[in-house]
Amino acid sequence: MDTMKYLVTSVNEKYWKWLLFVCIFLIGMKYSYAKNITEYCYDAKTYWFMADGMIDGSFYYPETFRGYFFATLISLLKKMWQGIRGWWFLSNITVAVGFAFGIPYLLKQRAINSFQEFVRGMMSYIFFLIIWGNYMQYPLSDGFAAICAILGVCLMMLVTNKQLSKCLLFISSILSGALLYMAYNTRVVYLYCGVAAIIIFLLFNKKNKAIVVILIMMIGSGLIAVPQCSINYSYTGKFTPKVYTENYSYNSRDLVDTQVFWGLYGIKYDTYIGDEKLYESASVYYIDPVGEEIIQREKMTQQTFKKTDLIGLFVKYPLDMVGIYVRHLVALLIPSSTQMYITNIYNDKTVLALVFIILWIVAGMACLFSIKSINKNVLWIIAVLIPSLLQMLGFTELRFFIAVHMVTYVYVFLVVDYKALCNELKDRWLSVVCTMIISFVLLTTVYGDILASNQKRTMLINDATRTEIEGSLINGK
């Protein structure tokens, strides 16, 4: 016991974040080797095999990839680390950087600096690993883009909050611009994170300093954007850093318009790779009957719909439209599986649903009583989460909300002062209990309705015996 106490007290406070980084990376790599997922399918398979085309020139632009950076990085790592181990390295080091450095600084405006914070930081990562560990084994871009955006914003915060030397200010600004462009190039929706971050920076810094920093950030972005500009020039005749979303998958429509249209039609989408006798489609659609009815009434089609049409729909069907996107939000907050590609669609979702309903209620209570005003620190967090919130408008997949989940896990496990929160709530315990019960009932009801909207058949929260029943019917028993 004395030895443990000595080790804890002897570690310099500035090293705890590095210890957390190393532990997360090693645990993640061990997890990847243990799972040993070596076969990819659907989107992951496309990213994995088409990435090679970014090096040898065999890719089809822009049908295969819109932004070059993520695909090229995967290809380089495949060559350096002999295949799949390259992705394991990138995935785990990205998560380690996010949980050890980025997200704690985003929420606390400083790095972790004590044994207690190290333990709580590890708890947030272990929870993430349990829920998202399977997802992180596949070469998908959502988590990488989210961490790049978080790090880019954190560097802007650093420039705002600290009196840095000219050298550090220059380096931080260059890296911030580069990371924010990486996020945008990887997932186009992160453009809005960069725009929001620049606006916040302008609001809370002296004009001269802000202009200098933004100009330096543009240099960092430009360095990463040069290959994209060259690709665009080759195919469109325009030397621009824009990541084009038109003509994706041979569709002349803008990708955002298409996504928003299908977001009216469907609540969420999963991918199934299990026994086709138990569920006959790889595409698992949860259809919103309200959205479907609105599409039919307004005679809208994918070819004619524009995202700006949402304004008219909100004016004409205000409560119905709110209901559609509340269902999207709940679908993104409460996972129905911890697998990216689901092998057992009839798994019992009770524990998972209960854990996340409690998690979101706790996070909501903590925010309600801890955040006294919308200050710049809150605005930085909002900037990071804007891309996830915007993706609620589309046909949602859980991975679109990975930034919200990561930030919330760190907030709940690392940041919240539960002693202070309990003191804050003890005098109003009755209203708190009532609020929690109402929230629990509403979230459970909406979540159950979402599962029931499955296109093929009604899903249940308590669905553990479904596979056995279906199997018996198939075998004629």
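If you read the sequence from its start, that first residue is 1, and numbering goes on from there. Computed from a predicted model, the values in this text were never measured in an experiment.
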Are the side chains of Ile219 and Leu215 in contact, using a 4.5 Å heavy-atom criterion? no
Looking only at heavy atoms, what is the nearest atom pair of Gln302 and Thr258, with distance? NE2-CG2, 3.4 Å
Go through Phe201 and Val159 one step at a time and tell me if the side chain to side chain contact (heavy atoms under 4.5 Å, CB included) criterion holds. CA-CA 9 Å; Phe201 190 81; Val159 172; 3.9 Å; yes
May I ask you to test the Met122-Ile24 pair for a side-chain heavy-atom distance under 4.5 Å? yes
Evaluate Ser453 against Ile267 for side chain to side chain contact (heavy atoms under 4.5 Å, CB included), listing each step before the verdict. CA-CA 9 Å; Ser453 69; Ile267 302 171; 3.6 Å; yes
What orientation do Phe395 and Tyr269 show, parallel under 30°, tilted 30 to 60°, or perpendicular over 60°? perpendicular
Rounded at 0.5 Å granularity, tell me how far CZ in Phe21 sits from CZ in Phe25. 7.0 Å
Would you confirm whether Ser221, through its side chain, and Met217, through its main-chain N or O, come within 3.5 Å as a donor-acceptor pair? yes
Which heavy-atom pair separates Asp142 from Tyr190 by the least distance, and what is that distance? O-OH, 4.4 Å
Quick one: does Ser176's side chain have a donor or acceptor within less than 3.5 Å of a partner on Ser172's backbone? no
Beyond-backbone contact of Tyr135 with Ile402, side-chain heavy atoms, under 4.5 angstrom: yes
Ser124 side chain to Gly121 backbone, donor-acceptor under 3.5 Å: yes
Between Glu293 and Tyr317, do the side chains contain a donor N or O and an acceptor N or O under 3.5 Å apart? no
Applying side-chain contact (heavy atoms from CB on, under 4.5 Å), can you list everything that pairs with Val22, at least two apart in sequence or on another chain? Leu26
Output for pair (Leu20 CG, Tyr125 OH), nearest 0.5 Å, gives 10.0 Å
Rounded distance [0.5 Å steps], CG in Leu389 versus CD1 in Ile382: 9.0 Å
If you measure from the Lys or Arg side-chain nitrogens to the Asp or Glu carboxylate oxygens, is any gap between Asp257 and Lys307 under 4.0 Å? yes
Side chain to side chain contact (heavy atoms under 4.5 Å, CB included) evaluation trace for Leu313 with Met300: CA-CA 11 Å; Leu313 294 177; Met300 295 185 297; 4.0 Å; yes
List the steps, then state whether side chain to side chain contact (heavy atoms under 4.5 Å, CB included) holds for Glu424 with Asp417. CA-CA 11 Å; Glu424 185 78 33; Asp417 184 339; over 6 Å; no
Would you call Met321 and Leu310 a side-chain contact if the rule is heavy atoms closer than 4.5 Å? yes
What do you reckon, are the aromatic ring centroids of Tyr341 and Tyr138 less than 6.0 Å apart? yes
Distance check, rounded to the nearest 0.5 Å: Ile381 atom CD1 versus Ile386 atom CD1? 12.5 Å
4.5 Å side-chain heavy-atom contact, Leu202 and Ile214: yes
Atom pair CG (Leu129) and CG (Asn134), whose distance is rounded to the nearest 0.5 Å: 10.5 Å
Please check if the side chain of Asp270 supplies one atom and the backbone of Val284 the other of a donor-acceptor pair under 3.5 Å. no
Among Arg399, Arg187, His328, Gln259, find the residue that satisfies the side-chain hydrogen bond (donor to acceptor under 3.5 Å, both in side chains) test when tested with Gln391. Arg187
Under a 3.5 Å distance rule, please check whether Tyr181 uses its side chain to pair with a backbone N or O of Met218 as donor and acceptor. no
Does Tyr418 reach the main-chain N or O of Val412 with its side chain, forming a donor-acceptor pair under 3.5 Å? yes
In Å, rounded to the nearest 0.5 Å, how long is the span from OH of Tyr31 to CD1 of Ile130? 9.0 Å
Is Arg120 reaching over with its side chain to a backbone N or O of Val416, donor-acceptor style, under 3.5 angstrom? yes
So does Lys238 get a backbone contact from the side chain of Asn232, meaning a donor-acceptor N/O pair under 3.5 Å? no
Given side chains that start at C-beta, do those of Ile150 and Tyr105 come closer than 4.5 Å, heavy atoms only? no
Has the side chain of Trp87 got a donor or acceptor atom that lies under 3.5 Å from a matching backbone atom of Met136? yes
Do the side chains of Leu151 and Val97 get nearer than 4.5 Å, heavy atoms only? yes
Please lay out, stage by stage, how Tyr15 and Trp18 fare under the test ring-ring contact (aromatic ring centres under 6.0 Å, His included). CA-CA 5 Å; Tyr15 294 133; Trp18 288 104; 8.8 Å; no
Indicate the ring-plane relationship of Phe144 and Phe70, choosing parallel, tilted or perpendicular according to the 30° and 60° boundaries. tilted
Can you tell me if Gln137 and Ser32 form a side-chain donor-acceptor pair at under 3.5 Å? yes
Other residues, nucleotides and ligands only: do more than 12 of their heavy atoms fall within 6.0 Å of NZ on Lys209? yes
Minimum heavy-atom distance between Tyr286 and Ile450, given as atom pair plus value: CD2-O, 3.1 Å
Donor-acceptor under 3.5 Å (Tyr184 side chain, Val243 main chain): yes
Applying the ring pair (Phe, Tyr, Trp, His ring centres under 6.0 Å) test to His405, which of Phe127, Phe128, Trp132 qualifies? Trp132
What closest approach, in Å, do Val404 and Trp360 show between heavy atoms, and which atom pair accounts for it? CG1-CH2, 3.9 Å
Using every non-hydrogen atom in the two residues, find where Thr186 and Ser141 come nearest and quote the distance to one decimal. CG2-CB, 3.4 Å
Least distance between heavy atoms, Ala197 atom then Trp380 atom: O-CZ3, 3.6 Å
Please check if the number of heavy atoms outside Leu203 that lie under 6.0 Å from its CG is greater than 12. yes
Can Thr160 and Asn205 be said to form a side-chain hydrogen bond (donor to acceptor under 3.5 Å, both in side chains), step by step? CA-CA 7 Å; Thr160 301; Asn205 287 277; 3.2 Å; yes
Can you list the residues that meet the side-chain hydrogen bond (donor to acceptor under 3.5 Å, both in side chains) rule with Lys108, with sequence neighbours excluded? Glu117
Flag the pair Phe69 / Pro227 as yes when at least one side-chain heavy-atom distance between them is below 4.5 Å, and no otherwise. no
